[in-house]
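Remarks on the structure that follows.
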Amino acid sequence: MQKLNVPPVKYVVITHAHWDHFLGMNEFDASVIVNSQTNELMKEWQSFSYDDSSLQKYVSQDLMNVKCAEIIKDDIPNRNDFKLNSPDIIFEKTLTIDLEIRSVCLNKSKVRMQTIQQSCMFLMRKLFF
């Protein structure tokens with residue numbers, strides 16, 4: 001983010017509970033936002049250990065695929081001590097975020113999660129690029 005010369009990230013919205021969406025959230029010094037359904041699915045991953053033998057066990061139990069385990073091994077340093085953080089904000093149906101310039105409304109029931117992700121990315125481009 002520093003290389004892009006944009007303001008610090010205040011919010012990270014995890015749109016759905018796919019490992020490639022939430023495993024990097026610990027890297028942000030920002031409030032992490034999820035809906036209640038995503039939070040429930042992420043709880044299992046919060047209980048995981050990420051050492052080699054645990055990853056292999058999860059693959060053999062079909063809790064994660066081989067590609068996921070390989071990427072975790074390559075991309076998460078010090079994974080023997082890695083624990084997935086809990087989200088900071090969990091919403092049930094709707095959450096409105098005041099970004100001082102604009103507001104974003106996340107609505108779990110009326111908007112598909114992928115659409116929310118695309119809308120947030122569009123908003124971020126409009127605000128910062």
Side-chain angles (χ1 to χ4, degrees):
M1 297 305 287
Q2 290 175 343
K3 290 180 183 179
L4 296 174
N5 196 27
V6 296
V9 174
K10 291 183 182 179
Y11 303 101
V12 174
V13 178
I14 307 297
T15 59
H16 53 284
H18 288 173
W19 63 269
D20 60 333
H21 289 250
F22 61 73
L23 279 180
M25 71 183 204
N26 290 13
E27 297 299 314
F28 289 92
D29 184 23
S31 295
V32 175
I33 302 169
V34 300
N35 67 55
S36 56
Q37 182 180 11
T38 297
N39 185 57
E40 288 305 311
L41 294 169
M42 286 174 56
K43 284 181 181 179
E44 180 177 27
W45 287 77
Q46 289 172 314
S47 70
F48 284 178
S49 296
Y50 292 88
D51 57 90
D52 286 345
S53 62
S54 294
L55 292 176
Q56 185 56 45
K57 180 178 79 173
Y58 304 143
V59 168
S60 67
Q61 295 174 344
D62 288 328
L63 296 174
M64 72 175 60
N65 62 42
V66 173
K67 184 68 172 174
C68 172
E70 290 172 359
I71 290 172
I72 289 171
K73 287 178 183 179
D74 289 342
D75 289 352
I76 299 179
N78 306 315
R79 58 193 165 75
N80 290 344
D81 300 324
F82 179 81
K83 286 291 180 195
L84 183 63
N85 293 339
S86 295
D88 300 294
I89 301 169
I90 303 164
F91 69 95
E92 185 62 38
K93 293 182 181 178
T94 302
L95 174 69
T96 300
I97 305 167
D98 183 359
L99 298 177
E100 296 172 11
I101 299 172
R102 299 194 182 161
S103 291
V104 177
C105 180
L106 305 177
N107 187 318
K108 180 176 135 185
S109 61
K110 294 183 181 175
V111 182
R112 287 184 21 241
M113 289 299 126
Q114 198 66 27
T115 304
I116 290 173
Q117 181 182 23
Q118 292 166 351
S119 298
C120 289
M121 298 316 276
F122 174 76
L123 176 66
M124 299 308 282
R125 283 196 302 270
K126 293 295 252 179
L127 288 173
F128 300 117
F129 301 104

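Quick caveat: nothing in here was measured; it's all calculated off a predicted structure.
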Exercise. Kindly compute the distance separating CD (Glu92) from CD (Gln37), expressed to the nearest 0.5 Å.
Key: 9.5 Å

Self-check item: Non-hydrogen atoms of Ser86 and Gln46 that approach each other most closely
Solution: CA-NE2, 2.9 Å

Exercise. With rounding to the nearest 0.5 Å, note down the distance linking CG in Asn80 to CG in Asp52.
Key: 7.0 Å

Exercise. Taking all heavy atoms of Ala69 and all of Leu55, pick out the closest pair and write down the distance.
Key: O-CD1, 4.1 Å

Quiz prompt | Residue pairs passing the side chain to side chain donor-acceptor pair (under 3.5 Å) test where at least one lies in residues 22-34, sequence neighbours excluded | solution = Asn26-Asn85

Self-check item: With Tyr50 via ring pair (Phe, Tyr, Trp, His ring centres under 6.0 Å) - residues at least two apart
Solution: Phe82

Exercise. Could you grab the distance from atom CG of Asp81 to atom CG of Asp51, nearest 0.5 Å is fine?
Key: 10.0 Å

Quiz item: Quick one: does Ser49's side chain get under 4.5 Å of Lys83's, heavy atoms only?
Solution: yes

Quiz item: When you look at CG of Asn78, are more than 12 heavy atoms from neighbouring residues, nucleotides or ligands closer to it than 6.0 Å?
Solution: no

Self-check item: Met42 side, atom CE; His18 side, atom NE2 - distance, nearest 0.5 Å
Solution: 12.5 Å

Quiz item: Quick one: CG on Asp20 to SG on Cys68, what's the gap to the nearest 0.5 Å?
Solution: 8.0 Å

Quiz item: Is a salt bridge present between Glu70 and Lys73, judged by a nitrogen-to-oxygen distance below 4.0 Å?
Solution: no

Quiz prompt | Cluster overlap Val9 with Phe22, hydrophobic side-chain contacts below 4.5 Å | solution = yes

Self-check item: Distance in Å, Ile90 CD1 paired with Thr38 OG1, rounded so as to fall on 0.5 Å steps
Solution: 10.0 Å

Quiz prompt | Closest heavy-atom pair and its distance - Thr15, Asn35 | solution = O-ND2, 4.0 Å

Self-check item: Ile72, Leu63, Asn65 screened by side-chain contact (heavy atoms from CB on, under 4.5 Å) with Tyr58, the one that passes
Solution: Leu63

Self-check item: Plane angle bin for Phe48 and Trp45 - parallel if under 30°, tilted between 30 and 60°, otherwise perpendicular
Solution: tilted

Quiz item: Which pair of non-hydrogen atoms, one from Val12 and one from Ala30, has the smallest distance, and what is that distance?
Solution: CG2-CB, 4.0 Å

